[in-house]
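Chain letters run A, B, ... following the sequence lines, proteins first, then strands; residues in each count from 1.
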Protein chains: 2
Amino acid sequence: MAKSFAIRDLIGVDSPQRSHVKPLHPALVTAELGLEAPDLWQKFNQLTTEMIVTKSGRRMFPTLQVVARGLDPHANYSFLVDFSPVDEKRYRYSFHQSRWMITGPGDAELPSRVHAHNESPAPGAHWMRQVISFEKLKLTNNQLDANGYIILNSMHRYQPRVHIVVHDRVDAPKVWNMQRTFVFPSTTFMAVTAYQNHRITQLKIASNPFAKGFRDSEMDDAWLYQTSAVSMLPTFSSNLYLASLAAATSSKH
Amino acid sequence: MAKSFAIRDLIGVDSPQRSHVKPLHPALVTAELGLEAPDLWQKFNQLTTEMIVTKSGRRMFPTLQVVARGLDPHANYSFLVDFSPVDEKRYRYSFHQSRWMITGPGDAELPSRVHAHNESPAPGAHWMRQVISFEKLKLTNNQLDANGYIILNSMHRYQPRVHIVVHDRVDAPKVWNMQRTFVFPSTTFMAVTAYQNHRITQLKIASNPFAKGFRDSEMDDAWLYQTSAVSMLPTFSSNLYLASLAAATSSKH
DNA sequence: CCTTTTCCACCTAGGTGCTAACCT
DNA sequence: AGGTTAGCACCTAGGTGGAAAAGG
């Protein structure tokens, strides 16, 4: 119960009372998600992660990747990601104080678009076979984006959420809650059009292969493996995060 | 009837008598496939198309691409491709006579592997929304291939086949033929480990963007558009090929 | 001799942060 | 002054046929 409260507060979901919630669909009760590369996410999170948003769309780095367990191998699931505002504030980075500060109320938020993993829908066995990577997800600040990318406000803070949805065959009456939501707090980030914290820039350059051209010669790949070997390995059991929300489908826009 | 015979002879499918064939599943009766870029295929075919096979796998060029019509928007389909030997002969290219000649009996053929389009299964509406491209299909001559690529014998001739399979919900007894096969004769090709006909090489270089590095300066993209503009456009209606075979599932290995 | 393999330069396609210009 | 944009050099990732070497 306390855990449920903490999560609700954390991600700001309007979670209905337990007693009013439909029971979970059987194919979801044992579902678990683990975050991949938690150490890398942790490194960024300690500095306050920044994600670039551009008109043409920008990938996330680190990439949001999860490992699934406890799915029904034969049931069909879709894996979705959306983004909830952490608060309704606008931020700016104080270079002077080297930290983020609230500058005022947040801009209007459109209902978050939902990114569906392109292998959706697929059987549980498929999802459990390998890491589920949302590498194709792109962030944009273009409110008129026509590519289906996730629209975010720059200088606002967001929390990615992973939703598992069961596609029932024909379970007579809809008595089940068909959706389950997982949240990994270390993946919270600030949307920006240009990096603010120079240490974030350096960490991106050091860890994103596509930014290798900006690395100082001496800081090669070995550096990362040395300082955070664990983040490169599947670390399901030890990093399992059980923040499952019995969020009703109605809570989705 | 005459058409049915001609097609059967062409691709060498062991097609059962009409009278013994189960009736087509309702979601397949109006299904039609059209070949994309038929003019480009025709150009290659006139010279006897060659496709490279390598140990590590090689894409086809031209890419096999089709347009679908007449599917049930709500029914689920898979799109498959396999390759049937045109004959049981081994060929060699006579540089002297500039043509392919039979040199003896064909090597043993393993049952053709089947390449499933990676969006399978999906609703009919999805397949009809855009061109269905089998660009990820790879050909290999490695009989021990562990990547799921299509295994072919070099210096043998093959006919690609496109299969549409319906995924029925629970149609009580299996009284329907759930599969339909389409064949485009202009896509027949010779498997080779190195190009034999120099004119084929030149046509590949002229039309495959990845081979642009080998083009003579003057023969740029405009050349292709000028000489076969139609091949670059969707030309469904005028090039619809209706070679549908009521091939029983049993004819598949 | 005919066929296959390996390595390569040269492409396509697209993901990086930097920089300078631009906007408000 | 703070925030955004567009073009860029530099990467990753991988699809071309050529040429020379290696098989058989």
Measuring to OP1 and OP2 of dT4(C), would you say a side-chain N or O of S154(B) lies under 4.0 angstrom away? yes
Give me the ring orientation class for W127(B) and F79(B): parallel if the planes are under 30° apart, tilted from 30 to 60°, perpendicular past 60°. tilted
Let me know, please, whether T103(B) or P209(B) comes out on the 5' side of the other along DNA chain C by nearest nucleotide. T103(B)
Once you apply a heavy-atom cut-off of 4.0 Å, does T54(B) come out as touching a base, just sugar-phosphate, or nothing? nothing
Regarding dG14(D), can its base be found pairing with the side chain of R59(B) as donor and acceptor, where the two atoms are less than 3.5 Å apart? no
N141(B) has an atom CG; how far is it from atom C1' of dC2(C), in whole Å? 15 Å
Rounded to the nearest Å, what distance is computed from the CG atom of residue D216(B) to the P atom of nucleotide dG17(D)? 15 Å
Rounded interatomic separation in angstrom, taking CZ from R58(A) and C1' from dC18(C): 11 Å
Would you indicate what K136(B) reaches in the nucleic acid, counting non-hydrogen atoms under 4.0 angstrom: base, sugar-phosphate, or nothing? nothing
Between dT5(D) atom P and I52(A) atom CD1, what is the distance in whole Å? 11 Å
Mapping Y93(A) and K55(A) to their closest nucleotides on DNA chain D, which lands nearer the 5' end? Y93(A)
Look at the aromatic rings of F189(B) and Y158(B) and report parallel, tilted or perpendicular, splitting at 30° and 60°. tilted
Ranking dG17(C), dT3(C), dT12(C) by distance to the side chain of M155(B), first place goes to dT3(C)
Write down the distance between CG (L139(B)) and P (dT4(C)), rounded to a whole number of angstrom. 14 Å
Residue K212(B), side-chain atoms from C-beta onward, closest of dA6(D), dG3(D), dC11(C): dC11(C)
Side chain of R215(B), base of dG17(D): donor and acceptor closer than 3.5 Å? no
Point-to-point distance, once rounded to the nearest 0.5 Å, from CG of L152(B) to CD of E109(B): 7.5 Å
Distance, rounded to the nearest Å, where E135(B) contributes CD and dA13(D) contributes P: 19 Å
Under 3.5 Å: donor-acceptor pair, side chain of R215(B), backbone of A206(B): yes
Please check: side-chain N/O of H126(B) versus main-chain N/O of G124(B), any donor-acceptor pairing under 3.5 Å? no
Of the nucleotides dT12(D), dG17(C), dG17(D), which has the atom closest to the I205(A) side chain? dG17(C)
Has K204(A) got its NZ or CZ under 6.0 Å from the middle of the six-membered ring of F44(A), at an angle within 45 degrees of the ring axis? yes
Rounding to an integer number of Å, can you tell me how far F95(B) CZ sits from dC2(C) P? 9 Å
Name the closest nucleotide to the T193(A) side chain, picking from dT6(C), dG3(D), dG17(D). dG3(D)
Of A194(B) and G213(B), the one whose nearest nucleotide on DNA chain C sits closer to the 5' end is A194(B)
Kindly point out which of dC11(C), dG3(D), dG17(D) is positioned nearest to the side chain of F210(B)? dC11(C)
Give the rounded distance in Å between these two atoms: CE of M60(B) and P of dG17(D). 13 Å
